[in-house]
Amino acid sequence: QVQLVESGGGLVQAGGSLRLSCAASGRTFSTWTMAWFRQGPGKERQFLTGISASDDSTYYADSVKGRFTISKDNAKNTMYLQMNRLNPEDTAVYYCAARTYTDICYAPGQYHYWGQGTQVTVSS
């Protein structure tokens, strides 16, 4: 059974930074394409960034490009999201997700496993 557990969320002032972690169970972590999504109040779940299982290539949504960085450590079965220059519009619940294919997809429905989410709140 696959489990994803996010951590690292919290309250931060505008301009600050946070690093989220996503710890995964399962011996095939290195073969999963991983991604981060977020969902603000009253909004749809939004793709932020993904990292491919095949070659560790990454893709970022325009809204976070240059501010957020995705990475993973296969030895620790953990994925990270470094978030810099946060602003109040980044306030949301952040989710990690995994899919058992090598390509990065933007649609939430293409991911097979989800974490429970971690709240990020950015104050102005």
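Looking at residues two or more places apart in sequence or on another chain, you find no salt bridge (charged side-chain N to carboxylate O under 4.0 Å, His left out) involving D73. Qualifying side chain to side chain donor-acceptor pair (under 3.5 Å) partners for S30, counting only residues two or more places apart in sequence or in other chains: none. Qualifying side-chain contact (heavy atoms from CB on, under 4.5 Å) partners for D62, counting only residues two or more places apart in sequence or in other chains: K65. S71 pairs by the side-chain contact (heavy atoms from CB on, under 4.5 Å) definition with Y80, not counting sequence neighbours. Remark: R99 engages D103 in a salt bridge (charged side-chain N to carboxylate O under 4.0 Å, His left out) (not counting sequence neighbours).
In this structure, P108 and E44 have side chains that are not in contact, with every pair of non-hydrogen atoms separated by 4.5 Å or more. Residues V122 and E89 fail the side-chain proximity criterion, which asks for heavy atoms closer than 4.5 Å. With contacts defined as side-chain heavy-atom distances shorter than 4.5 Å, the pair F68/D90 qualifies. Annotation: side chain of F47 is in contact with side chain of Y59 (closest heavy-atom distance under 4.5 Å). Side-chain contact between V93 and R45 is absent, with no heavy-atom pair separated by less than 4.5 Å. Taking 4.5 Å as the limit, every side-chain heavy atom of V12 sits out of range of all side-chain heavy atoms of S123.
Taking each heavy atom of Q119 and A92 in turn, the nearest pair found is NE2-O, 3.4 Å. Looking at every heavy atom in both residues, M34 comes nearest to L4 through CE-CD2, 4.3 Å. When every heavy atom of G115 is checked against every heavy atom of E6, the shortest pair comes out as CA-OE2, 3.2 Å. Minimum heavy-atom separation, I51 to K72: CD1-CG, 4.0 Å.
Panel note: side chain S52, backbone I104; no donor-acceptor pair is recorded below 3.5 Å. Under a 3.5 Å cut-off, the side chain of T33 and the backbone N or O of Y101 do form a donor-acceptor pair.
At least one cation-pi condition fails for K76 and F29: the charged atom is not both under 6.0 angstrom from the six-membered ring centre and inside a 45 degree cone around its axis. Cation-pi contact between R38 and Y95: absent, since separation from the ring centre below 6.0 Å together with deviation from the ring axis within 45° is not met.
Cluster annotation: Y106 and L48 are assigned to distinct hydrophobic clusters (Ile/Leu/Val/Met/Phe/Trp/Tyr, side-chain heavy-atom contacts under 4.5 Å, transitive). In this structure, I70 is not a member of the same hydrophobic cluster as V5, with clusters built from ILVMFWY side-chain heavy atoms closer than 4.5 Å.
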Check your understanding: Going through the distances and angles, do Q46 and S63 end up as a side-chain contact (heavy atoms from CB on, under 4.5 Å)?
Key -> CA-CA 10 Å; Q46 174 192 17; S63 59; 3.4 Å; yes

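Partner of L81 under the side chain to side chain contact (heavy atoms under 4.5 Å, CB included) criterion, out of T118, T69, T49, V120: T49 alone.
Within a 6.0 Å radius of OH in Y60, more than 12 heavy atoms belonging to other residues, nucleotides or ligands are found.
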Donor-acceptor contacts, no H, no angles, side chain residues 15-23, under 3.5 Å, sequence neighbours left out:
{"unit_1": "S17", "atom_1": "OG", "unit_2": "N84", "atom_2": "OD1", "d": "2.9"}

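Classification of the F37-Y111 ring pair by plane angle, with boundaries at 30° and 60°, yields perpendicular.
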